[in-house]
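Letters A, B, ... are given to chains in the order of the sequence lines, protein chains preceding strands, and every chain is numbered from 1. If you're wondering where the values come from, they're calculated on a predicted model, not measured in any experiment. Note that these values count all heavy atoms, side chains included, but never hydrogens, waters or copies made by symmetry.
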2 protein chains.
Amino acid sequence: MSTLYYQGESKFFVAVDCILIGFDNRELHVLLYRRSFEPLKGSWSLMGGFVREGESVSQAANRVLTDCSGVDNLFMEQVGVYGEITRDLGERVISAAYYALVNMASIDVDTLKAHDAVWVKITELPELIFDHEQMIKDSIAILQRKAATHPIGFNLLPEKFTLPQLQTLYEAIYQAPLDKRNFRKKINSMNILEKLEEKDKSSSKRGAFYYTFNKEKYDDLLNKGVCFSL
Amino acid sequence: MSTLYYQGESKFFVAVDCILIGFDNRELHVLLYRRSFEPLKGSWSLMGGFVREGESVSQAANRVLTDCSGVDNLFMEQVGVYGEITRDLGERVISAAYYALVNMASIDVDTLKAHDAVWVKITELPELIFDHEQMIKDSIAILQRKAATHPIGFNLLPEKFTLPQLQTLYEAIYQAPLDKRNFRKKINSMNILEKLEEKDKSSSKRGAFYYTFNKEKYDDLLNKGVCFSL
DNA sequence: TCAAAAGTGTTCGCAGTACACCCATGT
DNA sequence: ACATGGGTGTACTGCGAACACTTTTGA
């Protein structure tokens, strides 16, 4: 390894911690697991890992997410870096947090079991190691802000979804009830959804029409300078 | 040094880069300097430094900011972590960016000279090393978003300021003209400013009244759940 | 026939926006 | 007296918020 330029400076362990947020058509969940190594073995923790030589920090986050979810290229964004000296009880570790969004139904249950990972409702978080609770709080704050102005919520839904489902999602994100008619009016006026013929009969006798997110329409709006906001 | 738990993992140089944003009552500026060491010695760069063993990442950012500005405890927030493998042409360095806000008049000119640092208008940025231009763009995006809903703009002004000054500031932040009467109506309705007897005669014959930001009033509003937004 | 969820319009109030003139003062 | 920037009010409009009934269908 070369130390051409920066010799004398210190080096640090750099980790990534992943806040994988999922939706089960009712509530938001976070993927947690029981830490399998010391220190604090057995405590609740976010999925994480160390950054390696040959990968960027975001690649490391993607690797960790793929590994524990079984799905590649999840929607993912950086939350921030957590750099307090004693944040990790083992040794000093500087950690970059990333949140990712996924529909819980698309995650293979066996992959989760293999990592001892479980979905926990964000309203019922257990005690977590280090600063992981703060990371989750920061993630949800970003999600709440960003979901209001960017169509990222669709990452939490299956390809086809109903309007009641979509509304429940936003109610879960904002942790607040929304008016059905106002919500539908607004969604409708955005003109970014495609209504399908098919109905979902699983949650009512009448059935609710399926919709899909239409990325082309959305990109068109952006090009015209129109502002998405929900 | 202990390698109790995490042996086998790699360690990295971790740097901080500081986007010090200043206001001169006309335009926003960023503090840049000519890099004094290889690689790319002589190129335009943000102020930065390496994180040291005995300090947290944010403490490192504060140290760098204090060092180059001569002022301690500037308003400062994290922008994010930049972790591409080859982002630094020397060796691999993972960098955390922080932006800070300051009134340019409060910075000692000699301190700047000592660091070969200069204020550059954000509308006239030169070519910068590495990903520093991206860091500045990201900072300004955060500033634009955050200044609209949080009273952070006052960090860019002196203790006493006039309403025309305040308006010019927000026009510089948003890079858009604002209507004088609407701006004053809104500011006034927030009830977070204290009008002083004194006038600033430096920019007009009539003179403009000085105001100060009243943090108590602002905190009161927050406690009542009122939402600041400009 | 009834229970349970899906779907549908209108009204009201407020906040954002557009807009033009008088004031104070130093030169 | 005049040039320069400081300060003020009103009318309009569009968007968010509140609100209740009908429809469909499986059990």
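Remark: nothing in residues 156-164 of chain A comes within less than 4.0 Å of DNA chain D through any heavy atom.
For A/Phe228, the side-chain contact (heavy atoms from CB on, under 4.5 Å) test picks out A/Pro151, A/Tyr170, A/Met190, A/Ile192, A/Tyr218, A/Leu230, with sequence neighbours left out. Not counting sequence neighbours, B/Tyr99 has no partner by the ring pair (Phe, Tyr, Trp, His ring centres under 6.0 Å) test. Listed by chain and number, the residues in a side-chain contact (heavy atoms from CB on, under 4.5 Å) with B/Pro126 are B/Leu32, B/Trp44, B/Val120 (sequence neighbours excluded). Remark: B/Asn103 engages no residue in a side-chain hydrogen bond (donor to acceptor under 3.5 Å, both in side chains) (not counting sequence neighbours). Qualifying side-chain contact (heavy atoms from CB on, under 4.5 Å) partners for A/Val14, counting only residues two or more places apart in sequence or in other chains: A/Val51, B/Phe12, B/Val14, B/Ile94. Evaluation of the side-chain hydrogen bond (donor to acceptor under 3.5 Å, both in side chains) rule for B/Asn214 yields B/Glu194 as partners, not counting sequence neighbours.
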At a cut-off of 3.5 Å, list every protein nitrogen or oxygen paired with a nitrogen or oxygen from nucleotides 16-18 of chain D, distance to 0.1 Å.
{"residue": "D/dA17", "atom": "N6", "partner": "A/Lys185", "partner atom": "NZ", "Å": "3.2"}
{"residue": "D/dA18", "atom": "N7", "partner": "A/Asn182", "partner atom": "ND2", "Å": "3.0"}
{"residue": "D/dA18", "atom": "N6", "partner": "A/Asn182", "partner atom": "OD1", "Å": "2.9"}

Look for any protein N or O under 3.5 Å of an N or O in nucleotides 24-27 of chain C and output each such pair with its distance, or none.
{"residue": "C/dA24", "atom": "O4'", "partner": "B/Arg206", "partner atom": "NE", "Å": "3.2"}
{"residue": "C/dT25", "atom": "O3'", "partner": "B/Lys205", "partner atom": "O", "Å": "3.4"}
{"residue": "C/dG26", "atom": "OP1", "partner": "B/Lys201", "partner atom": "NZ", "Å": "3.2"}

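Rounding to whole angstrom units, CG of residue A/Asn188 and C1' of C/dA6 are separated by 14 Å. The separation between B/Asp200 atom CG and D/dG5 atom P is 13 Å, rounded to whole Å. Taking atom CD1 of B/Ile187 as the reference point, atom C1' of D/dT8 lies 16 Å away to the nearest angstrom. Between the NZ atom of B/Lys180 and the C1' atom of C/dC22 there is a distance of 11 Å, rounded to whole Å. Put simply, CZ on A/Phe183 is 12 Å from P on C/dG7, counting in whole angstrom units. In this structure, CD of A/Gln165 is placed 14 Å from P of C/dA5, rounded to the nearest angstrom. Atom-to-atom, CG of B/Leu178 to P of C/dA15 comes out at 19 Å; the value is rounded to the nearest Å. Straight-line distance from the CG atom of B/Asn25 to the P atom of D/dG5: 15 Å, rounded to whole Å.
Summary of the strand contacts: B/Lys195 and B/Ser203 both lie near DNA chain D, and taking for each the nucleotide with the nearest heavy atom, the more 5' one is attributed to B/Ser203.
With B/Phe209 as the aromatic partner, B/Lys199 meets the cation-pi criteria of under 6.0 angstrom to the ring centre and within 45 degrees of the ring axis.
Listed by first and then second residue, the side-chain hydrogen bond (donor to acceptor under 3.5 Å, both in side chains) pairs involving residues 106-118 of chain A are A/Asp67-A/His115, A/Asp108-A/Thr111 (not counting sequence neighbours). Legend: ring-ring contact (aromatic ring centres under 6.0 Å, His included) pairs involving residues 138-159 of chain A, not counting sequence neighbours, sorted by first then second residue: A/Phe154-A/Phe161, A/Phe154-A/Phe213. Residue pairs meeting the salt bridge (Lys or Arg N to Asp or Glu O under 4.0 Å) criterion with at least one member in residues 14-23 of chain B, sequence neighbours excluded: B/Asp17-B/Arg87.
Taking a 6.0 Å sphere around CD of B/Glu124, one finds it holds more than 12 heavy atoms contributed by other residues, nucleotides or ligands.
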